[in-house]
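In what follows, a structure is listed as structure tokens, so that the remarks can point back to it.
Not measured: the values here are computed from a predicted model.
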Amino acid sequence: QVEMVESGGGLVQAGGSLRLSCAASGRDFSSHAMAWFRQVPGKEREFVAAISWRGGNAVYADSVKGRFTISRDNAKNMVYLQMNSLKPEDTAVYYCAAGRMAVTLTRAYDYWGQGTQVTVSS
């Protein structure tokens, strides 16, 4: 069992940066791949980035590649998403997720946080 709480969301102007954090609890955290997804009202949840349990492999959606960086600190049970060069289309609720593999599929993740709102103004 892994429980996650996201933080760091907020309002930022286009071109700005935000760093999202995901605090995880549970003894199995370091054995799980971790990911970030995002969702806007009326649309399906969208994959953003994922990282393997050791942190050696990261996967990104094409829409954020080169702008976002996912990282993790297993000693602190933390996962981060550094978001740079933000665009209005990045506006969404961002969710942290834990699963068995660092893949893009929503159904591969067993545990989810409650989400944090990111709003990018133009």
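- Side-chain contact between Gln82 and Ser17 is present, with heavy atoms from C-beta onward closer than 4.5 Å.
- Residues in residues 41-50 take part in these salt bridge (charged side-chain N to carboxylate O under 4.0 Å, His left out) pairs, two or more places apart or across chains: Arg38-Glu46.
- Under the 4.5 Å side-chain heavy-atom criterion for ILVMFWY residues, a single connected hydrophobic cluster contains both Tyr109 and Tyr95.
- For Tyr111 and His32, the ring centers are positioned less than 6.0 Å apart.
- Contact annotation: the side chain of Ile70 never approaches that of Tyr80 to less than 4.5 Å [non-hydrogen atoms, C-beta and beyond].
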### Message
Working note: Glu6 + Gln114, criterion side chain to side chain contact (heavy atoms under 4.5 Å, CB included); need CA distance, chi angles, decisive distance, verdict.
### Response
CA-CA 7 Å; Glu6 302 94 335; Gln114 85 290 345; 2.9 Å; yes
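- Between the side chain of Thr116 and the main chain of Gly9, a donor-acceptor pair closer than 3.5 Å is present.
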### Task
Determine, step by step, whether Arg19 and Leu81 satisfy the side chain to side chain contact (heavy atoms under 4.5 Å, CB included) criterion, reporting the C-alpha distance in whole Å, the side-chain angles of both residues, the deciding distance to 0.1 Å, and the verdict.
CA-CA 6 Å; Arg19 187 195 195 202; Leu81 185 69; over 6 Å; no
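- For the pair Phe37/Trp112, a side-chain contact is recorded, criterion being any heavy-atom separation below 4.5 Å from C-beta on.
- A continuous path of hydrophobic side-chain contacts links Tyr94 to Val2 [ILVMFWY only; heavy atoms under 4.5 Å].
- The two atoms that bring Ala33 and Ala102 nearest to each other are CB-N, 3.4 Å, heavy atoms only.
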### Task
Mind running side chain to side chain contact (heavy atoms under 4.5 Å, CB included) on Thr91 and Gln117 for me, showing each step along the way?
CA-CA 8 Å; Thr91 296; Gln117 176 71 45; 4.0 Å; yes
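- By the 6.0 Å and 45° rule, Arg72 stacks over the aromatic ring of Phe29.
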#### Entry: Stepwise side chain to side chain contact (heavy atoms under 4.5 Å, CB included) test for Arg67 and Asp90
CA-CA 11 Å; Arg67 300 188 297 123; Asp90 294 319; 2.8 Å; yes
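- Side-chain contact between Asn84 and Phe68 is absent, with no heavy-atom pair separated by less than 4.5 Å.
- Counting heavy atoms from C-beta outward, Val118 and Leu20 have side chains that approach closer than 4.5 Å.
- Listed for the Gln39 side chain is no donor-acceptor partner under 3.5 Å among the backbone atoms of Ala92.
- Put simply, the side chain of Met78 reaches to within 4.5 Å of the side chain of Ser21, judged on heavy atoms.
- You'll find the side chain of Met34 reaches within 4.5 Å of the side chain of Met4, heavy atoms only.
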Let me check something: any side-chain donor-acceptor pairs from residues 47-59 under 3.5 Å, sequence neighbours excluded? List them with distances.
| unit_1 | atom_1 | unit_2 | atom_2 | d |
| --- | --- | --- | --- | --- |
| Ser52 | OG | Gly55 | N | 3.4 |
| Ser52 | OG | Gly56 | N | 3.2 |
| Ser52 | OG | Asn57 | N | 3.0 |
| Ser52 | OG | Asn57 | O | 3.4 |

